[in-house]
Amino acid sequence: MRNSDEREGDAAPMDLTGLRFDLGPEDVPRSWYNILPDLPEEVPPPLDPRTMKPVDPAMLERLFARELVKQEVSQERYIAIPSEVREALVSFARRPTPLFRAKRLEEYLNTPAEIYYKYEGVTPTGSHKLNTALAQAYYNKLDGIKRLVTETGAGQWGSALAAAGAYFGIKVRVFMTRSSYKQKPYRRTLMELYGAEVYPSPSDRTRVGRRFLEEDPEHPGSLGIAISEAIEDVLSDESARYSLGSVLNHVLLHQTVIGLEAKKQFNEAGVYPDILVGSVGGGSNFAGFTYPFIMDRLKGTSDSEFIAVEPKASPSMTRGLYTYDYGDTGGLTPLLKMHTVGHSYKVPPLHAGGLRYHGVAPTLSILVNNGIVKPVAYNQVEVFKAAHIFAETEGIVVAPETAHAVKAVIDQAILARERGRKVVIAFNLSGHGLLDLQGYREYLDGTLKDYEPGELPIFEQAK
Ligand SMILES: *Cc1c(COP(=O)(O)O)cnc(C)c1O
């Protein structure tokens, strides 16, 4: 007998199967994908800031959990995900995340291209960052660490680590750039709800912080300064470790669950993406989504294109140098060989706080140098316009960081229309923007600004 739901349905129901692709909990990957053994070149070693020689792993273990230091230099292609972390990815981070077809956006753009997006906004903190936060909190707990210290800009990373600390029972302290502390009060509320301590940076709790406060008591802060404060704090407490939300190899590794899931979902959809797009702050969002596909390109089994999107105001890949630079403003961290606009570059107060970083991941830098990843840069206003189109057609108000990827996707879809090419475009919708409405308010009021940086890069090169 037919039930009443069926009787109420259309006589000729529409085929809905091509609109979203879901996986079950058992489809959450059992291993992360490590790109290091597949790269065309070796990653140059990090340098100790005191000696400018390759850093001693013991120094790194003072900052990071032991297993994370091992993962940082591992040459294993696949690294097993501990079952406790897999369980957290399912029950707490709500993985696997869905893949959607953006049909209404395609129709709006009148493009022959097919557009798909992986939606990382379903996690409790609203972005992909929880994927590595949970793994990092887990390995620190194994080492008996009592407290994790980190920095945050817009607050996405701080809230992800705070949530992961709540899950695994580790205290979390966050240095939040003062400008965001004031502009994004709800992110601070979220972090405190998860039990984290949040201090505006520069703060009076560290020597570095006090130095910047002396210069300017209302200093707006920067990610680079907040990293310096977090590291100084960690070095003063043996039971504390530092945690970073992007840039490092192990962070990018943990994010590959996104691309590994997406591969299964594209398999289910019966298509393989021709163009993959992601926005770049330090590179973990982009890498997490694309590296499992870049593996195919490096093996020669695909010729997909990869587009990495950054803000024109923080253009490390499009205008930076490929050189050794510090990870922070104070010069306390090891130096990484990367594309950078310089650690002392003052990144303008963009709404895409997660993209306000002076460098990018060393592995991503190598892929850019080898022409495998193509970087593009956009201005703030055009990016919000693209996000506005996406909200009206697809219903999701994306984070300002994600909006950079949306802009590139729309440009590619228009190009496909002009060339009459039926390409498959895919992007990572890294987070929703429901706690970023201040930027959208300015966009609607017409007060949103573009920032054009002058001469770049801005720093003295390390010798
Ligand atoms: C942090 C963030 C990014 C940038 O991530 P990276 O790993 O630093 O490149 C992109 N989108 C959202 C929503 C973010 O929170």
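Numbering of ligands and ligand atoms starts at 1, following listing order. Along the sequence shown, residues are numbered consecutively beginning with 1.
- On a distance-only criterion, F286 and ligand 1 share no N/O pair closer than 3.5 Å.
- Ranking protein heavy atoms by distance to atom 7 (O) of ligand 1, first place goes to S284 OG, 2.5 Å.
- Aromatic ring centroids of Y117 and F390 lie under 6.0 Å apart.
- Using modelled atom types, one finds a donor on one side chain and an acceptor on the other under 3.5 Å when comparing E229 with S201.
- A donor-acceptor pair shorter than 3.5 Å can be found between the side chains of Q136 and S243.
- Scanning all protein heavy atoms for the shortest distance to atom 13 (C) of ligand 1 gives S430 OG, 3.5 Å.
- Side-chain rings of Y167 and F92 approach one another, their centers coming within less than 6.0 Å.
- Only the side chain of K129 comes within 4.0 Å of ligand 1, judged by heavy-atom distances.
- Of the N or O atoms in V280, none lie within a sub-3.5 Å distance of an N or O in ligand 1.
- Set against the non-hydrogen atoms of G283, the atoms of ligand 1 under 4.0 Å away are 6 (P), 7 (O), 8 (O), 9 (O).
- A ring-centre distance under 6.0 Å is found for F64 and H250.
- In this structure, K184 pairs ionically with D436, as a charged nitrogen and a carboxylate oxygen lie closer than 4.0 Å.
- Here the protein heavy atom with the shortest distance to atom 8 (O) of ligand 1 is G282 N, 2.8 Å.
- The ligand atoms of ligand 1 that sit less than 4.0 angstrom from a heavy atom of S279 are 10 (C).
- Electrostatic pairing of D38 and R77 counts as a salt bridge here, judged by a charged N lying under 4.0 Å from a carboxylate O.
- Ligand-side atoms of ligand 1 in range of L355: 4 (C), range being under 4.0 angstrom from any heavy atom.
- Look at H128 and you'll find a heavy atom under 4.0 Å from some atom of ligand 1.
- Of the N or O atoms in N285, one or more lie within a sub-3.5 Å distance of an N or O in ligand 1.
- Electrostatic pairing of R173 and E197 counts as a salt bridge here, judged by a charged N lying under 4.0 Å from a carboxylate O.
- Checking Y139 against Q71 by side-chain atom types alone, a donor-acceptor pair falls below 3.5 Å.
- In V251, neither the side chain nor the backbone holds a heavy atom less than 4.0 Å from any atom of ligand 1.
- Each of the atoms 13 (C) of ligand 1 lies under 4.0 Å from some heavy atom of G431.
- Under 4.0 angstrom from ligand 1, there are no non-hydrogen atoms of E120.
- Taking every non-hydrogen atom of G281 and a distance limit under 4.0 Å, the qualifying atoms of ligand 1 come out as 4 (C), 6 (P), 8 (O), 9 (O).
- A salt bridge does not link D22 to K264: none of the charged side-chain nitrogens sits closer than 4.0 Å to a carboxylate oxygen.
- For the pair A399 and ligand 1, the shortest N or O to N or O distance does not fall below 3.5 Å.
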